[in-house]
Amino acid sequence: MIICGIELKANNALIALINSENNNIEYIEHKQKKISIEDDENMEHILKFSNHIKELITTYNIEKIAIKKRAKKGNFAGGAVTFKLEAIIQLNGISPVEFVSSQALNKLQKKDEIKFPSKLNKYQEQAYLAAVFCSS
């Protein structure tokens with residue numbers, strides 16, 4: 001099963017892809033490590049972001065999307081743009097979307113002592129963990 005992990009930050013969707021077969025997780029090297037939206041108030045830019053997501057899903061035959069949750073209120077609340085990006089991703093119409101809390105990812109990382117692939121960029125680590133979490 002191909003799973004796409006996503007962490008939403010500012011106006012970016014940070015992406016990590018994995019192939020999960022028989023409890024074996026393999027990182028999938030891919031060119032587009034993040035998808036950005038230039039202007040979230042411009043319909044053309046919103047459609048462009050949506051099309052990039054759909055293209056990623058179809059190109060890699062993604063069967064599930066895992067998004068790291070963000071707080072909805074408080075000091076560490078996610079920005080309005082990230083919630084808009086989240087809705088666009090959820091409405092892709094191709095792959096189901098699951099949400100994973102930060103606490104679950106921290107627990108997974110401590111319990112399983114996750115070793116990150118050498119080709120994974122530091123900024124992709126949370127997206128990778130979200131994908132790994134949803135692979136089980």
- Query: Within the side chain of Ser50, is there an N or O that forms a donor-acceptor pair under 3.5 Å with the backbone of Ile46?
  - Reply: no
- Answer with yes or no whether the hydrophobic clustering places Tyr128 together with Ile89; edges join I, L, V, M, F, W, Y residues whose side-chain heavy atoms lie under 4.5 Å apart. no
- Message: Treating Asn42 as the side-chain partner and Glu44 as the backbone partner, does any N or O pair qualify as donor plus acceptor under 3.5 Å?
- Response: yes
- Could you state whether Ile28 and Ile65 fall into the same hydrophobic cluster, counting links through intermediate Ile, Leu, Val, Met, Phe, Trp or Tyr residues with side-chain heavy atoms under 4.5 angstrom apart? yes
- Message: Between Thr82 and Gly79 (side chain of the first, backbone of the second, donor and acceptor by atom type, cut-off under 3.5 Å), is there such a pair?
- Response: yes
- Query: Same cluster or not: are Ile35 and Phe83 linked, directly or through other Ile, Leu, Val, Met, Phe, Trp or Tyr residues, by side-chain heavy atoms under 4.5 angstrom apart?
  - Reply: no
- Item | Nearest non-hydrogen partners of Asn11 and Ile37, listed with the distance | ND2-O, 2.8 Å
- Query: Passes side chain to side chain contact (heavy atoms under 4.5 Å, CB included), Leu8 versus Lys68? Steps please.
  - Reply: CA-CA 7 Å; Leu8 299 169; Lys68 179 184 176 191; over 6 Å; no
- From His45 atom NE2 to Asp40 atom CG, the distance as rounded to the nearest 0.5 Å: 10.5 Å
- For Leu17 and Cys4, work out which heavy atoms get closest and say how close. CD2-CB, 3.5 Å
- d(Glu86 CD, Ile67 CD1) to nearest 0.5 Å is 5.5 Å
- So does Lys9 have more than 12 non-hydrogen atoms from other groups sitting under 6.0 Å from NZ? no
- Note on the structure: Here the pair of heavy atoms bringing Tyr60 nearest to Lys31 is OH-N, 4.0 Å
- Minimum-distance pair of heavy atoms, taken over all atoms of Tyr27 and Leu120: CE1-CD1, 3.4 Å
- Hey, is NZ on Lys33 packed in by over 12 heavy atoms from elsewhere, all under 6.0 Å? yes
- Going by heavy atoms in the side chains, are Asn19 and Glu21 under 4.5 Å from each other? yes
- Item | Backbone of Asn121 reached by a side-chain donor or acceptor of Gln124 within 3.5 Å | yes
- Message: For Glu41, I'd like to know if atom CD has over 12 heavy atoms of other residues, nucleotides or ligands within 6.0 Å.
- Response: no
- Item | Salt-bridge criterion met for Arg70 and Glu7 (N-O under 4.0 Å) | no
- Measuring from Ser102:OG to Lys107:NZ, what's the distance to the nearest 0.5 Å? 13.5 Å
- Task: Using the side chain to side chain contact (heavy atoms under 4.5 Å, CB included) rule, take Leu129 and Gln126 through it: C-alpha gap first, then chi angles, then the decisive distance, then the call.
- Result: CA-CA 5 Å; Leu129 286 173; Gln126 293 298 303; 3.7 Å; yes
- Check Leu85 against Ala10 and note the closest heavy-atom contact, atom names and distance. CD1-O, 4.3 Å
- Item | Residue of the set Pro117, Ser135, Cys134 for which side-chain contact (heavy atoms from CB on, under 4.5 Å) holds with Ile18 | Ser135
- Query: Counting N and O atoms only, with roles assigned by atom type, does the side chain of Asn92 sit under 3.5 Å from a partner on the main chain of Ser95, one being a donor and the other an acceptor?
  - Reply: yes
- If you round to the nearest 0.5 Å, how far is CG of Leu91 from CD1 of Ile53? 12.0 Å
- Note on the structure: Between the CE atom in Met1 and the CD1 atom in Ile25, the distance rounded to the nearest 0.5 Å is 12.0 Å
- Query: Does one hydrophobic cluster hold both Leu47 and Ile57, with members joined at side-chain heavy-atom distances below 4.5 Å?
  - Reply: no
- Message: Looking only at side-chain N and O atoms, does Ser36 offer a donor or acceptor that is under 3.5 Å from a partner on Asn12?
- Response: yes
- Same cluster (ILVMFWY, side-chain, under 4.5 Å), Phe133 and Ile3: yes
- With rounding to the nearest 0.5 Å, note down the distance linking CZ in Phe49 to CG in Asp39. 13.5 Å
- side chain to side chain contact (heavy atoms under 4.5 Å, CB included) assessment of Phe99 paired with Gln90: CA-CA 10 Å; Phe99 293 91; Gln90 284 181 285; 3.5 Å; yes
- Message: To check you understand the geometry: which heavy-atom pair defines the closest contact between Lys48 and Glu38, and what is its length?
- Response: NZ-OE2, 4.0 Å
